[in-house]
Each structure stands twice: as structure tokens, then as C-alpha cells.
Amino acid sequence: MGFTDGPIDDLVRRRLLRPVHWGVYAVGHRARSADSRRMAALLALDEDGALAGWSAGEVWGAVTEDPTRDVDLVVNDGVHHEREGLAVRRSKLLLPADVTVHRRLAVVRPATMLLQLAGSEPRHVALAAADRTILRRTCTPAALRQVLDRNRHVRGRRLLLGFLADRRTHALRLRSELERLVAELLLGSDLDRPLFNAMVPVAGELLEVDVIWPERRLALEIDGRAYHEGVVAELEDARRDALLRVAGWRVIRVGWWDVVREPFRLLARLRRELRMR
């Protein structure tokens, strides 16, 4: 814009410009939004790049906001001067099609973001991010598989392939719309991943339970109309619950209202139960 060093130094002394990175300033005030912090990081790059990894996950809503972390960026293989507060990765495999603009920020697309998280974050974090991204339709399984097919030797690929296979198995085994809604709710939350339609041995017989957390001995039974209406069905449910409780399981029963009308209350209850043991 034609500014020389002298006027810039004067504006900095007067606090009209507040340095963020070398050559990048906040104008007039110190308060900055999360997106302005990300934009400053992009402007600080010596070459074109994009938000990646955790920072891309924050933009796409796949992970929780964490302002204490460095801003994750990716650039095509080239020279970059390291700067405080920036975590820059280089990739020869990044294609122009892998990057888009969202909220005026250059950011890798969701499928690429998931692969980066799978290669750098703990397993449970990467899987939770994948669950949220697919369930919110930010990314389709087909788009994720396409990226995985193109990056055959990238760390995290096997984990996501297993995630896609596991998700398909779950979808095929769920028998009702209510079960699908429960699965979407649980897999899109921060709860530990449960097992669906699992066989539990109790009192010399195998009971198929809708959802279980085996390490916590917690069972969730879904009362859909097709399978749980009528006196006989109610008596059978009571018998099953009693057998599970004698075997040391805690049993929660939920219906349509719990899942559709009060999902956050249900999740809060499950969090409390999962912390008990």
C-alpha cells in the first residue's frame, strides 16, 4: 500500500497497528476472533498455503476449538521460515482440488483434513472427528475414500479405511429408524465409541443388546414401537433388564422422545453413567 518502515514503526508505537506475525498486524485493537487468528497465520506464510489438520478441523466443526494450539498449516513442498505460533507441514501430494475457501479462509477440504488428523492425532480423536464430519454431511464416505485411494502410503490411511468399513457394518446391522438416530447421536458426540447389536452372555444365554460400552458395563436399550409394544414385549424387556443387572450391567432404556426431543439430556445422562466406573 506504499507504507515505508518509518510510518509503520510510528503506527506500531501508537498502537494503531499491533504486530501479530512478521509483516502481519491487527489494526486498531487487540481483540481478535478465532478466524482472524487463522487469517493472520495464512498471511504470515512465505508461499501459498492452507489451514490443515486441527485448525482445518476447527473450521469444519470436526474438533473443538483450542486457542492454545499453534495454527496448523500446509504448503506445497518449498522453503518456509518457521514462525512462532505456526505449525507448518509440507506436502508434495497436496493438489489444488484438496484446498477450498470457507469463511474467506484457505482450508483443506474435509476429506484431506480427516486424513491429516488420522496421521497426527490420537486414534479416538481422529475417529470422533470422522464421525462428526460424516454425520453432519460435511464430507461423504465416497469423497473420503477417493482421498484415501489417492494417498496409499500416508499415515492414518488404514485407520480411516477401518472406520469406513466399521461404519458400513453398523449401518447394515441397524434394524430401525430409531436405532439409526441413536447411532448418529452417539457417533457424533464426544462419548466413547460403543458396540451396536452386541451379544452379551448372561445366565447361560446370549442376549442381543442394542448398544453397549463393555468396559463400563453399561447397556442402552432402544424401545422402538416395532419390537417393544404390548404386554408380552414389556415382560420380556423386564426379564432381560433383570438378567443384565444381575450380571453386573447398568441398563438404560430410551424411546423416541428421549432421542428426538431431548437428545442433549440423554447425552448428559450417558456421560454421567460412563464416568461412574
Side-chain angles (χ1 to χ4, degrees), residues 1-122 125-126 129 132-133 136 138-139 143-144 146-147 150-151 153-156:
M1 295 177 66
F3 280 77
T4 59
D5 289 347
I8 291 176
D9 291 342
D10 180 59
L11 290 170
V12 170
R13 282 193 297 271
R14 292 162 57 192
R15 297 186 178 181
L16 296 176
L17 291 181
R18 297 179 180 269
V20 181
H21 300 291
W22 179 262
V24 182
Y25 305 89
V27 181
H29 58 85
R30 185 175 301 167
R32 287 183 289 143
S33 67
D35 276 356
S36 70
R37 177 172 174 261
R38 297 172 188 128
M39 178 62 77
L42 288 167
L43 291 171
L45 288 173
D46 298 309
E47 65 263 57
D48 290 338
L51 297 168
W54 192 275
S55 296
E58 291 176 333
V59 172
W60 293 117
V63 298
T64 56
E65 297 274 348
D66 187 353
T68 66
R69 296 178 64 124
D70 291 346
V71 178
D72 285 321
L73 300 156
V74 63
V75 298
N76 285 319
D77 195 39
V79 177
H80 177 78
H81 301 292
E82 298 297 332
R83 296 189 177 177
E84 185 179 356
L86 308 184
V88 182
R89 68 181 81 190
R90 298 171 179 82
S91 174
K92 294 181 180 180
L93 302 176
L94 192 69
L95 300 179
D98 293 326
V99 178
T100 188
V101 176
H102 183 61
R103 301 205 307 245
R104 301 174 64 185
L105 300 167
V107 58
V108 297
R109 293 186 184 276
T112 302
M113 172 268 295
L114 291 178
L115 181 57
Q116 292 169 345
L117 289 177
S120 61
E121 300 296 330
V125 173
R132 294 189 188 102
T133 303
R136 293 172 181 175
T138 309
C139 174
L144 178 55
Q146 186 177 36
V147 168
R150 180 160 50 82
N151 295 273
H153 303 289
V154 175
R155 184 178 178 185

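Scanning both residues, Ala143 and Ala111, for their nearest heavy atoms gives O-CB, 3.8 Å. What you find for Pro110 and Thr133 is that their closest heavy atoms are CB-CG2, 4.0 Å. The minimum heavy-atom distance linking Ala52 with Gln116 is given by the pair CB-OE1, 3.2 Å. Contact record, Ala26 with Val20: N-CG2, 3.6 Å, taken as the closest heavy-atom pair. Across all their heavy atoms, Ala34 and Glu65 have their closest contact at CB-OE1, 4.0 Å. Here the closest non-hydrogen pair linking Ala118 and Ala126 is CA-CB, 3.7 Å.
Summarising the geometry, atom CZ belonging to Arg103 is positioned 11.0 Å from atom CE belonging to Met39; distances are rounded to the nearest 0.5 Å. Note that OG1 of Thr112 and CG of Leu95 are 8.5 Å apart. Values are rounded to the nearest 0.5 Å. If you take CG on Asp98 and OG on Ser91, they are separated by 8.0 Å, rounding to the nearest 0.5 Å. For the atom pair CG of Asn151 and CG of Leu94, the computed distance is 9.0 Å after rounding to the nearest 0.5 Å.
For Glu58 (side chain) and Asp66 (main-chain N/O), a donor-acceptor pair under 3.5 Å exists by modelled atom type. Put simply, the side chain of Arg132 gets close to the backbone of Ala62: a donor and an acceptor are under 3.5 Å apart. A donor-acceptor pair under 3.5 Å is formed between the side chain of Arg109 and the backbone N or O of Ala97.
With sequence neighbours excluded, the residues satisfying salt bridge (charged side-chain N to carboxylate O under 4.0 Å, His left out) with Arg69 are Glu121.
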- Item | Leu117/Val125 under side chain to side chain contact (heavy atoms under 4.5 Å, CB included): CA gap, chis, key distance, verdict | CA-CA 8 Å; Leu117 289 177; Val125 173; 5.8 Å; no
- Task: Begin with the C-alpha distance, continue with both residues' side-chain angles, and end with the deciding distance and a verdict on side chain to side chain contact (heavy atoms under 4.5 Å, CB included) for Val108 and Leu51.
- Result: CA-CA 6 Å; Val108 297; Leu51 297 168; over 6 Å; no
- Item | Stepwise side chain to side chain contact (heavy atoms under 4.5 Å, CB included) test for Arg38 and Val59 | CA-CA 9 Å; Arg38 297 172 188 128; Val59 172; 3.8 Å; yes
- Task: For Leu86 and Asp70, run side chain to side chain contact (heavy atoms under 4.5 Å, CB included): C-alpha distance rounded to whole Å, both residues' side-chain angles, the deciding distance at 0.1 Å, then the answer.
- Result: CA-CA 5 Å; Leu86 308 184; Asp70 291 346; 5.9 Å; no
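No side-chain donor from either of Ser33 and Asp35 sits under 3.5 Å from a side-chain acceptor of the other.
Taking 4.5 Å as the limit, some side-chain heavy atom of Leu42 sits within range of a side-chain heavy atom of Leu105. Thr100 is listed as a side-chain neighbour of Val107, based on a closest heavy-atom distance under 4.5 Å. In this structure the side chain of Leu73 never reaches within 4.5 angstrom of the side chain of Arg89, judged on heavy atoms. Looking at Leu17 and Val27, their side chains come closer than 4.5 Å, going by heavy atoms from C-beta outward.
For residues 47-73, the ring pair (Phe, Tyr, Trp, His ring centres under 6.0 Å) pairs, not counting sequence neighbours, are Trp60-His102.
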May I have the list of side-chain donor-acceptor pairs in residues 4-12 shorter than 3.5 Å, sequence neighbours left out?
residue : atom : partner : partner atom : Å
Asp10   : OD2  : Arg14   : NH1          : 3.2

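A 6.0 Å sphere centred on CZ of Arg18 holds more than 12 heavy atoms belonging to other residues, nucleotides or ligands.
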